[in-house]
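Convention: sequence-line order gives letters A, B, ...; per-chain numbering from 1.
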There are 2 protein chains.
Amino acid sequence: MPEDVSLATVAARAGVSVSTVSRIVNGEMRRASPATVARVLEAVEAVGYRPNPVGRALKRGQSQLVAMIAANLDNPAMATIASSTEAALREAGYVMVLCDTHDRPELQDEYLEAMRAQMVSGYVLVAAVPSPGLSELSASRAPAVFVNRRNPGGSGAFVGIDDRAAGATVADYFIDRGRRALAVVFPRLGSSASRDRASGFLARLRERGWADEAIIQAAGDGRSHLQIGYDAGSRIFVGSDAPDAILSVSDQIAYGLNRRALECGLKIPDDCELVSIDGTPLNQWVAPWLKSIEIPYALYGAEIVAGLQLIWRGAPFGERLLPCKFG
Amino acid sequence: MPEDVSLATVAARAGVSVSTVSRIVNGEMRRASPATVARVLEAVEAVGYRPNPVGRALKRGQSQLVAMIAANLDNPAMATIASSTEAALREAGYVMVLCDTHDRPELQDEYLEAMRAQMVSGYVLVAAVPSPGLSELSASRAPAVFVNRRNPGGSGAFVGIDDRAAGATVADYFIDRGRRALAVVFPRLGSSASRDRASGFLARLRERGWADEAIIQAAGDGRSHLQIGYDAGSRIFVGSDAPDAILSVSDQIAYGLNRRALECGLKIPDDCELVSIDGTPLNQWVAPWLKSIEIPYALYGAEIVAGLQLIWRGAPFGERLLPCKFG
DNA sequence: CTGAAAGCGCTTACAG
DNA sequence: CTGAAAGCGCTTACAG
């Protein structure tokens, strides 16, 4: 039960000054005599000393906290990113503070300000939305890694996948399977990720001789991707020109599409093939009818923290695109 | 862009001492002359002063941080609890630190210690596992609210549902629907919640004249509830004595059960009715075949924070059981 | 090789 | 009604 032991406690027990203890605790061994080092380490051990991060933060002007500002924790993909980042940060000796902005710019700014006040040593921005505070953050050159959605302000480290390539892969797949009536469903006001997935899909189709007009593009608005998918289904699945293959830029959109398809008496994938980009593990349990490009969200944490550490060391870190699995 | 303004900055601008500014900033208006108060508030406004939480924490011996120690963020229910708690804490002026223990006692203890060092003002323990550190926490009388799983050490504030009643409700439902072959599936090494749900179910059946032996009890081990459900399905759905109604103590177990049922050529709910206790919103999209007792996870945050605030004020807070919806 | 001292930003008895 | 001073726990030039 490590009680409130401070540097002073250890110093008294070891018969040295707090300065000396501080140095040794911080690994500056060479500046002290071996005998002193031994005595101090023994005392540290004996009283169970652990540096107080608050005192340290105040002096250094920087805490061991890292802020994760996420758009929506209820999204399983975000939850997995949060979970893996938290684990990687802990490994590196940091503590993650989680802020859920619910996609609202004012809330995002409120958090950005609160985290600055907490003297966090870095920011992880998952699907950040444009906001004044975000611009300031970029301008301040604070250590930040953007995830999924690139910095709307342009520059900044990024961890994600090659979204355009993912879309293109699906285009190739559909063509090679002989699909004739293609559709793509995406949120109208989406992230850079959604946009890039859809445009990568369309671009590849164009390359392979398809006219843009031949492809159903269903952009959706709405509270959730589930709803966007459902609504798009309402438009797509009626009439005789229903598609025989659909790219959904997220799993949740695909869930919504499937729900509507069922209501229309359509069976996926028999009547219409559906491919999404996400591939969360839940799919195999509740959506075996869904084919996906699997984004390795569980690996994001390690990459994000590696990126932060590079930035802290002053090394360059542009972007890290993780490989996806299709199948 | 609020720069690094300290009390000193404000004091200088207002022509008073930092003590005075500190008092006024902390709402102790009555101790200063109206003129001074006005001057100070004006200066605070002008320079955009915001108290530095780190300095404050060091002095007070307590930060504005609240630790949420959760067993597994990948579980959507936990993610919703985390999200709603985070929102409620922010509202109350606190910042949530998220720790994911992956159900491992050593990790839980590591976090408990780290959070103590951060001088957090409270602990939210979601599905905590027994551990030495947890016992110490209880003994230390630190402000803590247990969620879903009660304090394994006995005492402690609790937010959750009436698990036994939930189980009993399902028992009544099955009997009233004329079901004849009942089963219940739960994790062998489960939380108090899982246990209580199953035992509440069995107890009510007993009350209504059912012999325990007449009910299939499938306790499962495994990494995930999904897997537990799947494995239980492998045992339950074979042979001629398959149940016609199953209580699954969580949605994820139900997903696993359904997957296995499909493989056996069974259709839920036609061949076998399945009821789970959780009722996450995703169900209506991907598991319309699943009937659930809906736990209002989105409301947990407010209750948890209300509980913490009572405890901080020294008021008693035993437990808060939230009402569920069945349908 | 080691320590005294200053100071990070804040709060709070205490004195006036 | 207001301020000087001490101190929360730490780090870091600086002096010796």
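- Applying the side chain to side chain donor-acceptor pair (under 3.5 Å) criterion to B/S17, with sequence neighbours excluded, gives B/T20.
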What string of B, S and - do you get for nucleotides 7-13 of chain D, 5' to 3', when a contact is any protein heavy atom under 4.0 Å? BBBBBBB

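- Annotation: salt bridge (Lys or Arg N to Asp or Glu O under 4.0 Å) contacts involving residues 7-17 of chain B, sequence neighbours excluded, comprise B/R13-B/E42.
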Its dot-bracket string being built from Watson-Crick and G-U pairs below 3.5 Å, with | for another strand and [ ] for crossing, DNA chain C has the pattern |||.||||||||.|||

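- Scored by the salt bridge (Lys or Arg N to Asp or Glu O under 4.0 Å) test, A/E91 finds no partners at all (sequence neighbours excluded).
- When side chains are defined from C-beta on, B/V25 counts as touching B/P51, because their heavy atoms get closer than 4.5 Å.
- Remark: B/A14 engages B/V16, B/V40, B/A43 in a side chain to side chain contact (heavy atoms under 4.5 Å, CB included) (not counting sequence neighbours).
- Atom P of nucleotide C/dC1 and atom CZ of A/R39 are separated by 14 Å, given to the nearest angstrom.
- For residues 54-81 of chain B, the set of pairs meeting the salt bridge (Lys or Arg N to Asp or Glu O under 4.0 Å) definition, not counting sequence neighbours, is empty.
- For the salt bridge (Lys or Arg N to Asp or Glu O under 4.0 Å) condition, the pairs that include at least one residue of residues 298-309 of chain B, sequence neighbours left out, are B/E303-B/R320.
- Contacts with DNA chain D (heavy atom under 4.0 Å) in residues 90-97 of chain B: none are found.
- Scored by the side chain to side chain contact (heavy atoms under 4.5 Å, CB included) test, B/S33 finds B/A35, B/T36 as partners (sequence neighbours excluded).
- With sequence neighbours left out, A/Y94 forms a ring pair (Phe, Tyr, Trp, His ring centres under 6.0 Å) with A/W312.
- With sequence neighbours excluded, the residues that form a ring pair (Phe, Tyr, Trp, His ring centres under 6.0 Å) with A/Y300 are A/Y297.
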